[in-house]
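Source: prediction; values computed, not measured.
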Protein chains: 2
Amino acid sequence: MVGTAETTAAPAAAPPGLRERKKRRTRDTLVRAALELFTERGYERTTVDDIAAAADVSQRTFFRYFASKEEAAFFVGRLAESRFVEAVRGRPPEEAPLDALRRALAESWDGIAEAVERVVPLDLHLRFYQVIESTPALLAAHLRRSAELEERIARVVAEREGLDVDTDPRPRVVVAVFGAVVRVTERIWSVGGDASLAALREATAAHLDQVEPALTGDWRTD
Amino acid sequence: MVGTAETTAAPAAAPPGLRERKKRRTRDTLVRAALELFTERGYERTTVDDIAAAADVSQRTFFRYFASKEEAAFFVGRLAESRFVEAVRGRPPEEAPLDALRRALAESWDGIAEAVERVVPLDLHLRFYQVIESTPALLAAHLRRSAELEERIARVVAEREGLDVDTDPRPRVVVAVFGAVVRVTERIWSVGGDASLAALREATAAHLDQVEPALTGDWRTD
DNA sequence: AGGCTAGTGACAGCCACTGACAATTGACAA
DNA sequence: TTGTCAATTGTCAGTGGCTGTCACTAGCCT
């Protein structure tokens, strides 16, 4: 069952039966309970038993929905990622790669917020980033997931440009640069006082503007 | 005891007593046993008990030397990181940041190889990168460690330029970009056939050359 | 030589995670 | 409606990473 959620949703969605609805409810309850406990008490100090108890299921059931404690933590993040990948796919092919990534992100925010809200309060999701940044185990998992996401996007970019990712390093390089900036932003934003989506959005745009000047390196001429 | 290795070595190294030498030997034996087992059998399929048995100590003793199985895996990598940081510190301040990083890395390779050899065969260390890339848990840990390293280096760069990392995002951005390229290189190199230091060195230089052209984005004009 | 202390092993226990089996409970046809 | 089948769940037992505790041994220092 793990991983077979609606990420692999059928094209023609038949009205889900009771069984399916119940499953979704359980899953969402688990995710929400997990995020609430994590943000209140911390990731490490929350046991899977705690989460299961809060959702009123057995520990074994928790692991039938999520392959690991970590996976539950990032379930919501996954929704956001899919949105972004789709946005990149939808960009007109004549845009330069870095531009396309940038605009895709800019136009994704609202859709992401909406998708997140369908499972947990947006605010909870945003506050959870602070937990990620301050928990080594979670940060590690987050970075690995980001790397995987970058790989997916690099393939999309390569396809747009008619290149082979395994021959030409440029797609991976641009995407890596883009991802690096986004992560620096997340980090700075998460320790800053304003945990709002608007603040994240603006900080991202601002930092992306810094890439060119930062690389040319005449920092002392301003 | 964990973490108090010679990273925090005394300035005037008094001739180490028997106790100290024995400790170092035990630690190195553990590291070597761990890397050998990891590369032969895989990380997950090697238990801490296996490593401890191979080094002829108890499991408890293993955990007195290393806070986690993961830490033993990255002990050698830590040596390499320190060398690099020092090399960055040693670069003349008039160099542009990205240049300084690049040259620091270029001049570090030999010293790193030497430092590694003092603990395990260089070849073993290099082959271990394949294990890292193909083991999710290790990759996650590796990425987190890289992020920490980048933070340290960002501070060095900021200092060189007389900037405050918490105010000006540029130091973190350059370093992140540099780190991203290095990681893309590691990844491609680790799946490629040639697991030699020379190959890694060349691939790194080549990929760093790609940053500028990849960002400007006129990919179809060549 | 003898006390001091760092290093070690043995043991017990917590927590993430997994396999196996039995009990429930939706789904669907008779 | 009812009976059957399959999906979902709970219980139980076990593995592996990791930690606290305690007694014991072995370098070190006077």
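Distance CZ (B:F38) to C1' (D:dG17): 12 Å, rounded to an integer number of Å. The distance between atom CZ of A:R45 and atom C1' of C:dA16, rounded to the nearest whole Å, is 18 Å. Protein atom CD of A:E20 is 12 Å distant from nucleotide atom C1' of D:dT8, rounded to whole Å. Between the NZ atom of B:K23 and the C1' atom of D:dC28 there is a distance of 13 Å, rounded to whole Å. What separates CD of A:E44 from P of D:dC18 is a distance of 11 Å, to the nearest Å. Regarding B:F62, its CZ atom lies at a distance of 18 Å from the C1' atom of D:dG20, rounded to whole Å. Here C:dC17 presents its P atom at 12 Å from CZ of A:F66, a figure rounded to the nearest Å. Separating the CZ atom of B:R60 from the C1' atom of C:dG9 is a distance of 10 Å, rounded to the nearest angstrom.
One N or O donor and one acceptor, one from the side chain of B:R64 and one from the base of C:dG9, sit under 3.5 Å apart.
At least one side-chain heavy atom of A:F74 sits under 4.5 Å from a side-chain heavy atom of A:I132.
A salt bridge is absent between A:E81 and A:R78: the closest approach of a Lys/Arg side-chain nitrogen to an acidic carboxylate oxygen does not fall below 4.0 angstrom. Looking at B:E150 and B:R172, no side-chain N of the basic residue comes within less than 4.0 Å of a carboxylate O on the acidic one, giving no salt bridge.
The residue B:T47 sits close only to the backbone: its heavy atoms come under 4.0 Å of sugar-phosphate atoms, none of a base.
Heavy-atom nearest nucleotides on DNA chain D were determined for A:K22 and for B:K22, and the one closer to the 5' end corresponds to A:K22. The 5' end of DNA chain C is approached more closely, in terms of each residue's nearest nucleotide, by B:R19 than by the other of B:R19 and B:S58.
Of the side-chain N and O atoms in B:Y65, one or more sit less than 4.0 angstrom from OP1 or OP2 of C:dT8.
Cation-pi geometry between A:K69 and A:F62 is not met at under 6.0 angstrom from the ring centre and within 45 degrees of the axis.
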